[in-house]
Amino acid sequence: MVNTSEVKWIPTNYRTNTLNEIASNGKLFINSEVTLCGFAEIIRGKGAVCFIRLRDGTGHLQAFIKKGNVSDQELELSQNASRESTFQIKGIIAEKRAPKVPEGEPLPPAEYEIVASEVNILSLAETPMPLGITDKVEVGMDVRLDNRFLDLRRKHVNAMFRLRSKILQYGREHLISEGFGEINSPKIIAAAAEGGTNLFPIKYFDRNAYLSQSPQLYKQLAVMGNLERVFEIGPAFRAEKHDTYRHLNEFISFDIEMAWASDEDVMCVQERMITQIWRKIKENDQNLIDDVNEFRISDGKEPIVVNVPTIPFPRVSYCDAIELIKKSGSDIKWGDDIEAHHADIIAEKYSEFYFIPRWPMSMKPFYIFHDKSEVSKTGGQLSRGFDLNYGRDEMTSGGQREHRAGVLTQNLIDVGLNPDDFDFYVDGFRYGAPPHAGWGLGVARLLMVLTGAGNVRETVLFPRDRKRCTP
RNA sequence: GCUCCUGUAGUGUAGUGGCCUAUCAUGCAGCCCUGUCACGGCUGCGACCCGGGUUCAAAUCCCGGCAGGGGCGCCA
């Protein structure tokens, strides 16, 4: 279930070992006395014996409870316990009796079990459960989310969130290796950071405030402060009434910002980070991918394969993308947004990761850098803003930022924002400002790509959408 | 904001006007068997979202409500 090779599992007051330690190194434990804990995944046996398949956060192990080894009361309570009840069992590790195999077939590898001498039921599970942990019965998304704590116990769901943790870990490690430091920006803000999307208003004592839609302005200020290269993994809030497989109203954004860099420089950081995440997952976490695949196969889906993408990712500039879409017969002109059905056309040619650099300045936020000499064939002003897509889906939005205070103020005016509201930001650029660039990446969307999940709700523990604010 | 669709046992489903005191699986309860391990066998429990209407007859058709899902726009 989890790669425990590098983890030191220190005993707790409840257990001496994890189940996986015993299951994978049983030989070393034979005849030794241990105390183990876990959920009872299956309870079988009547009369003189009882078998419990225990599960903890590391793996599984069978407990064998036999009349005479424990009190009659312990045996009976165990036999009558409901599935998913939690147990603490003290006993001796032994090799499992080998199963009967048909003539001529080889015996399976040795397995181990704990032969109980003491059984302590920590908590009895109520019945029936709202959804089955191991049952081969489908469950609707709504029931799953209402009972996420149970849903998470299902192997493939559990694996999904362990993979999420790995993505964050490997991403962090990679950025740190390139000189980035982690920051935390405020999530309570006074004014709309970027305009455009709707914010959630909140009461901040006796004033009005909002939940942050993006760490954008603050990570830039951190760079102005000579933190040089920063990243943040934190929540962003958007009060948009969307209702799709890829949108939530609260999501975790993986953001970077770096000094002395252009749009192209941070695209390179991103493709290095993504390939490194893929490479590490492939090296270390195939077991988690296998858990996901086991479910996908039982569900009639293709198993996922972790293919490390090759660098560089294709760059399909905005202008080229428009040409490509036009060629397919779609009605689009320079200056139009590339919508989902347009992205489908690009995805026919570029089905994996690709960048769309150099969007029209008119379509990008005020803080994006533009160079007057960089224009389209038709004369439209280009920007240093880019997107990263995977097929039809947008993963990232980023770009080189405007570091000229005067231009920033003009940009604010051009998009109809009041520069006075942004003094806290523009002031940061008045006393020397390095050219800089960055991006924000949707963690859940990246996990969707990695795992083939068809809905962002699969990749977020407790998703917040238009209809759902609990649990 | 605009669209399309769906509500049947705890869970997932079958059902398209009468054969529905509603199918199957899983679950749960009980019994039998058993060093079990995809265990097996038997018995039982448990449901048509709510309110109107059409009809001799409604889970099924119509209207309203409530709840949920898909898609679009916008975005990560």
Side-chain angles (χ1 to χ4, degrees), chain A residues 41-53 60-67 79-80 82-84 94-101 108 111 113 115 125-147 150-151 154 194-198 213-216 233-255 298-299 337-344 363-365 387-390 393-398 439-449 454-457 459-460 465-468:
Chain A
E41 197 163 277
I42 314 166
I43 302 176
R44 264 198 295 272
K46 290 285 171 183
V49 295
C50 177
F51 301 95
I52 299 178
R53 180 172 156 87
H60 296 88
L61 194 78
Q62 174 166 282
F64 177 45
I65 305 169
K66 193 177 180 181
K67 195 179 174 75
Q79 288 169 334
N80 292 331
S82 46
R83 298 197 300 173
E84 294 301 314
E95 192 167 333
K96 259 173 90 173
R97 194 168 291 189
K100 300 178 201 91
V101 294
E111 289 187 65
E113 65 185 3
V115 180
E126 288 181 21
T127 61
M129 290 189 292
L131 58 91
I133 308 302
T134 55
D135 312 338
K136 291 208 168 15
V137 176
E138 301 214 2
V139 200
M141 183 63 79
D142 216 41
V143 172
R144 291 177 54 197
L145 291 179
D146 282 340
N147 302 277
L150 282 179
D151 185 46
R154 305 202 297 161
E194 309 178 20
T197 98
N198 295 313
Q213 63 171 125
S214 160
Q216 182 60 37
I233 302 171
F237 306 90
R238 308 268 166 100
E240 299 284 351
K241 291 181 179 174
H242 33 46
D243 198 7
T244 77
Y245 67 92
R246 61 189 186 281
H247 287 100
L248 292 174
N249 296 296
E250 174 180 346
F251 64 95
I252 298 299
S253 181
F254 199 139
D255 273 86
S298 76
D299 200 32
D337 198 9
I338 297 176
E339 296 170 358
H341 61 281
H342 297 133
D344 285 331
M363 301 173 64
K364 284 292 167 186
D387 283 0
L388 174 73
N389 276 29
Y390 185 90
D393 294 318
E394 186 178 338
M395 299 281 122
T396 290
S397 188
W439 41 255
L441 166 70
V443 172
R445 289 188 181 180
L446 195 62
L447 184 58
M448 285 173 75
V449 170
N455 192 314
V456 68
R457 291 161 185 79
T459 64
V460 175
D465 63 30
R466 176 182 196 166
K467 307 255 175 71
R468 179 177 288 276

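Here the structure is a predicted model, which is why all the values come from computation and not from measurement.
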Quick one: is [N] close enough that its OP1 or OP2 comes under 4.0 Å of any side-chain N or O from [X]?
X      : N      : answer
A/R44  : B/rC39 : yes
A/N455 : B/rG70 : yes
A/S397 : B/rA76 : yes
A/R246 : B/rC72 : yes

Can you tell me, in whole Å, how much space there is between the [atom1] of [N] and that of [M]?
N      : M      : atom1 : answer
B/rC50 : B/rG41 : C1'   : 42 Å
B/rC28 : B/rA9  : C1'   : 11 Å
B/rC66 : B/rG51 : P     : 15 Å
B/rU43 : B/rG68 : C1'   : 37 Å
B/rA58 : B/rU54 : C1'   : 10 Å

Which part of the nucleic acid, if any, lies within reach of [X] when heavy atoms closer than 4.0 Å are counted: base, sugar-phosphate only, or nothing?
X      : answer
A/V49  : nothing
A/A340 : sugar-phosphate
A/R466 : base
A/D393 : nothing
A/E113 : base
A/F64  : base
A/K96  : base
A/T396 : sugar-phosphate

Does [X] get its side chain close enough to the base of [N], under 3.5 Å, for a donor-acceptor pair?
X      : N      : answer
A/R445 : B/rC75 : yes
A/Q62  : B/rU36 : yes
A/H247 : B/rC74 : yes

task: Return the set of residues passing side-chain contact (heavy atoms from CB on, under 4.5 Å) with A/V137 (not counting sequence neighbours), or none when no residue passes.
output: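 If we apply the side-chain contact (heavy atoms from CB on, under 4.5 Å) test to A/V137, skipping adjacent residues, the hits are A/D135.
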message: Please enumerate all residues that pass side-chain contact (heavy atoms from CB on, under 4.5 Å) together with A/F64, with sequence neighbours excluded.
response: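 A/F64: side-chain contact (heavy atoms from CB on, under 4.5 Å) contacts with A/V49, A/F51, A/K66, A/E113, A/V115.
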- prompt: Under the salt bridge (charged side-chain N to carboxylate O under 4.0 Å, His left out) test, which residues partner A/E138, sequence neighbours left out?
  reply: none
Grab the [atom1]-[atom2] distance between [X] and [N] for me, whole Å please.
X      : N      : atom1 : atom2 : value
A/Q79  : B/rU34 : CD    : C1'   : 12 Å
A/I338 : B/rC74 : CD1   : C1'   : 15 Å
A/W439 : B/rC75 : CH2   : C1'   : 18 Å
A/L446 : B/rA76 : CG    : P     : 15 Å
A/L248 : B/rG70 : CG    : C1'   : 15 Å
A/Y245 : B/rG70 : OH    : P     : 12 Å
A/E84  : B/rU11 : CD    : P     : 17 Å
A/N249 : B/rG73 : CG    : P     : 17 Å

- request: With sequence neighbours excluded, tell me which residues meet ring pair (Phe, Tyr, Trp, His ring centres under 6.0 Å) with A/F254.
  value: none
field: Residue met sooner reading RNA chain B from 5', once A/E138 and A/S253 are mapped to nucleotides
entry: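 Of the two residues, A/E138 wins.
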field: Residue met sooner reading RNA chain B from 5', once A/I42 and A/G132 are mapped to nucleotides
entry: A/G132
query: Does A/R468 come within less than 4.0 Å of A/D146, counting only side-chain N to carboxylate O?
result: yes
- prompt: Given B/rC75, B/rG71, B/rG73, which nucleotide is nearest the side-chain atoms of A/E339?
  reply: B/rG73
message: Going by centres under 5.5 angstrom and planes under 30 degrees, do the aromatic ring of A/F51 and the base ring of B/rG35 stack?
response: no
field: Point-to-point distance, once rounded to the nearest 0.5 Å, from CD1 of A/I52 to CD of A/Q62
entry: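 Reported value, rounded in 0.5 Å steps: 9.5 Å.
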Using purine N1 to pyrimidine N3 plus N6-O4 or O6-N4 for Watson-Crick, or N1-O2 and O6-N3 for G-U wobble, each under 3.5 Å, what pairs with [N]?
N      : answer
B/rC66 : B/rG7
B/rC28 : B/rG44
B/rC56 : B/rG18

Please tabulate, for side-chain N and O atoms in residues 440-448 of chain A, each donor-acceptor pair with protein atoms closer than 3.5 Å (sequence neighbours left out).
residue: A/R445; atom: NE; partner: A/R246; partner atom: O; Å: 3.2
residue: A/R445; atom: NH1; partner: A/E394; partner atom: O; Å: 2.7
residue: A/R445; atom: NH2; partner: A/R246; partner atom: O; Å: 2.8

- prompt: Can you give one letter per nucleotide of nucleotides 23-29 of chain B, going 5' to 3': B for a protein heavy atom under 4.0 Å from the base, S for sugar-phosphate only, - for none?
  reply: ---SSS-
